[in-house]
Amino acid sequence: MALTAARVLAITDRCTCCHSKVRAIVGVTVGADAASFLPVAEVGAAIARAADPGVLAARRIAPLRQRSGIPGGYHSNGCLSCDALVGRLRLERLLDRHLADGGTYGQLDAGIQLDLALEPAAAPLRRIA
């Protein structure tokens, strides 16, 4: 499986449990122009395998963890301070609001590049706000 260079995108929020500042991964962009977006729901496992927890923590991002709330499980963000779940639906709403308000994917770049082993089904898409 070929590796794909990807830039990690993270959005800032407050933890619903401990109220500390939390940055959570919403997805990645791939390609030289960073115009192709892959949401964390599709590439979370690849991010979890490739991301160094220390590099993430330096940017106040907790590692993605395998969770078991649905059959087969899923990878999700957690709070770096208390590990409370930072839900995917909440992150999708925050991303939608960011884009609707004129924000860009580039503004969410966490400064982390990963080489991801992506499944062929993970085709980049452009999210429309």
Side-chain angles (χ1 to χ4, degrees):
M1 185 178 302
L3 296 179
T4 302
R7 301 289 301 177
V8 174
L9 305 183
I11 203 156
T12 303
D13 196 16
R14 289 271 173 204
C15 175
T16 57
C17 239
C18 71
H19 306 290
S20 66
K21 179 179 172 182
V22 63
R23 293 186 74 208
I25 298 171
V26 293
V28 297
T29 53
V30 296
D33 62 359
S36 298
F37 174 75
L38 293 169
V40 71
E42 294 178 22
V43 295
I47 295 170
R49 285 190 300 272
D52 179 313
V55 171
L56 294 175
R59 289 165 178 82
R60 299 264 334 133
I61 302 170
L64 292 178
R65 289 189 333 134
Q66 175 76 20
R67 310 247 184 189
S68 59
I70 61 172
Y74 64 101
H75 284 83
S76 72
N77 292 275
C79 173
L80 190 61
S81 298
C82 71
D83 195 40
L85 176 68
V86 180
R88 188 182 81 212
L89 296 177
R90 179 174 177 80
L91 292 177
E92 287 175 359
R93 283 192 301 272
L94 288 171
L95 177 59
D96 287 344
R97 184 177 314 139
H98 171 77
L99 296 173
D101 289 345
T104 66
Y105 291 117
Q107 292 169 325
L108 302 177
D109 190 318
I112 302 169
Q113 180 167 318
L114 301 175
D115 291 323
L116 299 181
L118 297 177
E119 299 295 325
L125 58 91
R126 190 178 303 253
R127 188 177 185 98
I128 306 296

Could you pull out all residues at least two apart from [X] that satisfy side chain to side chain contact (heavy atoms under 4.5 Å, CB included)?
| X | result |
| --- | --- |
| V40 | I25, I47, L64 |
| R59 | R23, V55, I61, I112 |
| A5 | Q113, D115 |
| Q107 | H98, T104 |

Side-chain atoms of residues 8-21: list all donor-acceptor pairs with protein atoms under 3.5 Å, sequence neighbours left out, distances to 0.1 Å.
{"from": "D13", "atom 1": "OD1", "to": "R90", "atom 2": "NH2", "distance (Å)": "3.1"}
{"from": "D13", "atom 1": "OD2", "to": "R90", "atom 2": "NE", "distance (Å)": "2.6"}
{"from": "D13", "atom 1": "OD2", "to": "R90", "atom 2": "NH2", "distance (Å)": "3.0"}
{"from": "R14", "atom 1": "NH1", "to": "H19", "atom 2": "O", "distance (Å)": "3.2"}
{"from": "S20", "atom 1": "OG", "to": "S81", "atom 2": "OG", "distance (Å)": "3.3"}

Smallest separation among heavy atoms of [X] and [Y], with atom names:
| X | Y | answer |
| --- | --- | --- |
| L116 | A6 | CD1-CB, 3.7 Å |
| L80 | A57 | CD2-O, 4.0 Å |
| C79 | V22 | CA-CG2, 3.9 Å |
| A51 | L56 | CB-CD1, 3.7 Å |
| G78 | V86 | C-CG2, 3.8 Å |

Who pairs with R88 by salt bridge (charged side-chain N to carboxylate O under 4.0 Å, His left out), at least two apart in sequence or on another chain? E92

Under the rule for salt bridge (charged side-chain N to carboxylate O under 4.0 Å, His left out), what residues qualify as partners of R65, not counting sequence neighbours? D83

side-chain hydrogen bond (donor to acceptor under 3.5 Å, both in side chains) partners for T4, two or more places apart: none

Not counting sequence neighbours, which residues clear side-chain hydrogen bond (donor to acceptor under 3.5 Å, both in side chains) with Q66? List them please. H75

Between the CG atom in L94 and the CG atom in L108, the distance rounded to the nearest 0.5 Å is 10.0 Å

Sort and list the pairs that fulfil salt bridge (charged side-chain N to carboxylate O under 4.0 Å, His left out) and have at least one residue in residues 100-111, not counting sequence neighbours. R7-D109

Does any non-hydrogen side-chain atom of L99 lie less than 4.5 Å from one of F37? no

